[in-house]
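Working notes for the structure below.
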Amino acid sequence: MMNRITLPTIGVDGFYHPSTEEEIVALVEQAVSEKLGIRCRGAAHSVSRAIYTDPGAGCPPLPNEVSEQLPPQGPNLNLMFDKYTQLTWIDAEKGIIEVEAGMHLGYDPEDPTGQSTLENNLLYTVFLKGWTLSDLGGITHQTVGGFLMTGSAGGTVQFNLEENLLAVRMIDGLGKVEWVEKESNPDLFYSSALSMGLLGIISKVRFQLTPNFFIYGQQLTTATTAADCPIDLFGDGSTSGKPSMQTFLQQTPYTRLLWWPQKKVERVVIWQAVRGAATPVFDPQPYFEFGTTPFSTNLEQIAAAILFTLLGNSSFGQTWRKLGSAFAEFKKNITRSWGGTFWAKLGAGIVTFLMKIIGFILVLLFSMFRGLLIWVYPTIIDILQPITKKGKAQLFMDYVWRSLPMDNEANDVMMGTEFTELWIPIGESQRAMNLLQTLFDQHGITATGYYSTELYAGSKSNFWLSPSYQQDVIRLDFFWYCNNEKQPADKGNYYSLFWEAFRKENIPFRLHWGKFLPEYEYEDWAAYFKSQYPRWDDFMALRTARDPHNIFLTNYWSLHLFGKSKNG
């Protein structure tokens with residue numbers, strides 16, 4: 001029987017916006033009653049088809065891209081928790097809180113509702129009371145529920161957000177609500193809290209917070225040659241006197257590397273940090289990924305947008321059309337950074353117009369003389385990411401919430417980055433790095449692309465479908481600029497080169513569930529995924545029991561998990 005409450009109506013944006021748990025339950029019951037699908041979105045940092053329901057019959061599918069802000073057309077129910085964001089202190093002295101799933105971890109500048117602020121996010125709120133989380137991802141725009149459901153993680157094998165989790169409150173496919181506690185019901189906890197929304201909806205999360213600490217670190221850029229790089233990227237360290245990649249990842253508390261493997265570029269950006277005590281007197285020096293002011297940060301990113309859109313497209317018209325959203329984002333950000341007044345809008349408009357003139361000239365020139373662009377590319381990267389001079393590394397010391405997520409400054413539109421992420425047992429680090437170097441050498445720009453490749457660590461997890469289930473990992477992120485031509489996950493396209501090479505060399509890997517998965521040979525890939533997860537069958541049995549009407553299952557997930565469409 002439906003709950004006797006007033007159901008939220010669908011918004012003009014296509015979402016339902018429940019404000020209470022009772023409303024969420026009622027929407028689940030509606031989905032069961034009307035045989036509809038139901039899914040919840042967070043900050044839309046996963047690929048769209050992993051987030052949303054199927055489109056209605058005869059309705060067009062969404063492009064499978066990140067940062068897709070609107071749901072597909074049709075009668076299915078897509079929920080946004082922007083009105084479900086409360087934090088409750090259960091025990092302030094012990095740092096125990098309960099958080100509604102729609103609360104953002106940090107400030108989300110691309111929040112479509114405009115409600116996300118510095119002051120109303122989880123990390124800043126608990127920071128003011130002396131608490132934090134043990135680990136954070138490279139960005140903190142995500143909602144609490146979305147971050148957990150996709151298995152996101154930071155760059156460390158020494159710490160894990162899992163240690164902060166006490167319980168999740170789940171709503172299953174029949175509308176049943178229960179607290180699932182780590183200590184009293186570990187099987188259900190470790191299957192549900194990371195389940196891509198397939199076992200139910202996370203309503204609330206209970207955390208045991210970590211006492212505040214500061215981070216102290218540095219970033220430097222070095223050549224990848226054995227003589228110059230402080231890490232033995234491709235060896236075991238036995239003859240170089242430098243840490244191997246595996247050793248570096250294991251011994252560094254927090255780190256992230258960006259590898260630019262292109263010929264005449266060949267460099268690696270090493271970001272690393274350690275924990276330090278939260279002292280009473282502290283003068284922070286934040287980490288800056290781009291410029292040190294909002295204007296210089298946005299200027300650098302619009303320049304990068306022009307460069308990478310040029311490199312990823314073959315015609316003037318296509319390149320210029322795709323840059324439209326980047327210029328609009330640049331103008332919006334400059335206006336906001338200058339205070340949002342009439343004069344700020346006027347000034348931002350003038351600056352944007354000038355950038356469009358410069359951009360038009362560059363696009364026209366390099367569209368006609370593409371060879372010239374390829375020739376100057378190494379020089380451009382050397383300007384954007386110069387080799388660090390000795391003693392000139394960027395040093396930082398800062399609050400966890402601001403600088404541990406080192407990519408928060410990267411704009412989702414101007415620096416729109418999509419990727420597939422391979423999680424490989426950390427003991428295979430040397431083989432993985434050497435295979436990558438071989439692929440880059442053999443295939444050249446087809447493999448390296450014009451963007452960087454990210455290298456991360458990941459700590460072992462007890463979540464059944466975590467890509468780091470019971471093993472520390474090295475994570476390889478193959479970046480794809482969002483404006484590029486083609487679909488990178490299709491057979492024969494960019495990502496397949498790496499997926500198939502690692503399978504051929506018998507280097508086991510699992511993929512980040514919120515990022516790109518192979519969009520071909522679904523049955524074969526579903527069998528491969530199953531072979532990599534010891535608790536796969538247990539998870540699927542629970543999925544059937546907790547979602548008997550398949551209201552959470554979409555065609556996308558059916559293809560990737562079972563190798564066949566939902567209705568076939």
Side-chain angles (χ1 to χ4, degrees), residues 135-139 153-159 215-237 240-262 265-276 285-290 292 300 304 378 381-398 400 402-410 415 417 419 421 424 426 429-430 432-434 436-437 440 448 451-459 472-479:
D135 183 29
L136 302 173
I139 59 171
T156 176
V157 299
Q158 298 183 19
F159 308 104
I215 61 166
Y216 299 80
Q218 68 171 15
Q219 177 176 283
L220 69 159
T221 303
T222 77
T224 53
T225 55
D228 295 307
C229 187
I231 305 168
D232 189 350
L233 294 174
F234 311 106
D236 63 6
S240 66
K242 300 175 181 180
S244 66
M245 174 60 75
Q246 177 178 341
T247 299
F248 176 76
L249 294 178
Q250 289 174 324
Q251 293 184 351
T252 309
Y254 299 101
T255 187
R256 186 279 304 272
L257 290 79
L258 293 176
W259 180 10
W260 296 83
Q262 298 83 4
V265 176
E266 297 131 322
R267 63 196 61 200
V268 61
V269 184
I270 305 170
W271 184 102
Q272 55 188 326
V274 300
R275 288 187 177 190
Q285 176 60 51
Y287 165 72
F288 294 104
E289 186 172 14
F290 298 101
T292 57
E300 188 171 339
I381 298 302
D382 198 41
I383 294 171
L384 293 174
Q385 197 67 73
I387 298 292
T388 304
K389 296 180 180 179
K390 188 173 180 61
K392 298 296 183 179
Q394 180 185 171
L395 304 180
F396 56 91
M397 54 182 187
D398 202 12
V400 175
R402 186 163 57 188
S403 288
L404 185 53
M406 74 292 290
D407 291 324
N408 265 346
E409 284 185 279
M415 293 297 295
T417 302
F419 54 93
E421 184 169 285
I424 297 166
I426 201 164
S429 296
Q430 186 177 348
M433 291 296 293
N434 280 283
L436 279 187
Q437 184 64 70
F440 293 152
T448 65
Y451 218 172
S452 58
T453 295
E454 187 173 43
L455 310 174
Y456 255 140
S459 57
D472 292 335
V473 296
I474 179 174
R475 293 151 57 194
L476 311 178
D477 293 5
F478 298 100
F479 285 170

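Computed from a predicted model, the values in this text were never measured in an experiment. Quick note: numbers below take in every heavy atom, side chains included, and nothing from hydrogens, waters or symmetry partners.
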Find out whether Leu455 and Leu476 are in side-chain contact, i.e. whether some heavy atom of one side chain is under 4.5 Å from a heavy atom of the other.
-> yes
Taking the side chain as every heavy atom from C-beta outward, state whether Ile474 and Gln246 have any atom pair closer than 4.5 Å.
-> no
Mind listing the closest non-hydrogen atom pair of Pro243 and Ile231 along with its distance?
-> O-CG2, 3.4 Å
For the pair Glu266 and Thr225, evaluate side chain to side chain contact (heavy atoms under 4.5 Å, CB included) and give the outcome as yes or no after the intermediate values.
-> CA-CA 8 Å; Glu266 297 131 322; Thr225 55; over 6 Å; no
Going from OG1 on Thr247 to CD1 on Ile426, what distance comes out if it is rounded to the nearest 0.5 angstrom?
-> 9.0 Å
Nearest-0.5 Å distance, CD1 of residue Ile424 to CG of residue Asp472 | 14.0 Å
Heavy atoms of Ala226 and Lys242 approach each other most closely as O-NZ, 2.6 Å
Does a side-chain heavy-atom distance below 4.5 Å link Leu220 with Gln272?
-> yes
Without swapping roles, check the side chain of Arg475 against the backbone of Gly154 for a donor-acceptor pair under 3.5 Å.
-> yes
Sidechain-backbone polar pair: Asp232 side chain, Gly235 backbone, donor-acceptor under 3.5 Å | yes
Taking Thr221 for the side chain and Val268 for the main chain, is one N or O donor matched with an acceptor at less than 3.5 Å?
-> no
Partners passing salt bridge (charged side-chain N to carboxylate O under 4.0 Å, His left out) against Glu289 (at least two apart in sequence or in another chain) = none
Got a salt bridge between Arg267 and Asp382, using NZ or NE/NH1/NH2 to carboxylate O under 4.0 Å?
-> yes
Of Tyr456, Phe159, Tyr287, Phe396, which is the lone residue that meets ring-ring contact (aromatic ring centres under 6.0 Å, His included) with Tyr254?
-> Phe159
Examine distances only and state if a side-chain atom of Gln394 and a backbone atom of Phe288 form a donor-acceptor pair shorter than 3.5 Å.
-> yes
If only atom types and distance count, is the side chain of Thr453 paired as donor or acceptor with the main-chain N or O of Phe478 below 3.5 Å?
-> no
Can you see which heavy atom on Ala153 is nearest to which on Asp135, and at what distance?
-> C-OD2, 4.3 Å
The reported gap from OH in Tyr451 to CG in Asp477 (rounded to nearest 0.5 angstrom) is 11.5 Å
Chi angles and distances behind the side chain to side chain contact (heavy atoms under 4.5 Å, CB included) call for Met415, Asp407 = CA-CA 11 Å; Met415 293 297 295; Asp407 291 324; over 6 Å; no
Interatomic spacing from OG in Ser244 to CD in Gln251 - rounded to 0.5 Å = 8.5 Å
Closest contact, heavy atoms only, Gly458 versus Val157 = O-CG1, 3.6 Å
For Ser403 and Asp398, the nearest pair of non-hydrogen atoms, with its separation, is OG-OD2, 2.5 Å
For the pair Gln218 and Thr388, evaluate side chain to side chain contact (heavy atoms under 4.5 Å, CB included) and give the outcome as yes or no after the intermediate values.
-> CA-CA 11 Å; Gln218 68 171 15; Thr388 304; over 6 Å; no
Rounded to the nearest 0.5 Å, what's the gap from CD on Gln437 to CZ on Phe234? Could you check?
-> 4.0 Å
Quick one: pull up CG in Leu136 and CG in Leu404 and give me the separation to the nearest 0.5 Å.
-> 4.5 Å
Could you please spell out the steps behind the side chain to side chain contact (heavy atoms under 4.5 Å, CB included) verdict for Trp259 and Phe440?
-> CA-CA 12 Å; Trp259 180 10; Phe440 293 152; 3.7 Å; yes
Considering non-hydrogen atoms only, spot the tightest contact between Asp228 and Thr222 and give its length.
-> O-CB, 4.0 Å
Taking the side chain as every heavy atom from C-beta outward, state whether Thr224 and Trp260 have any atom pair closer than 4.5 Å.
-> no
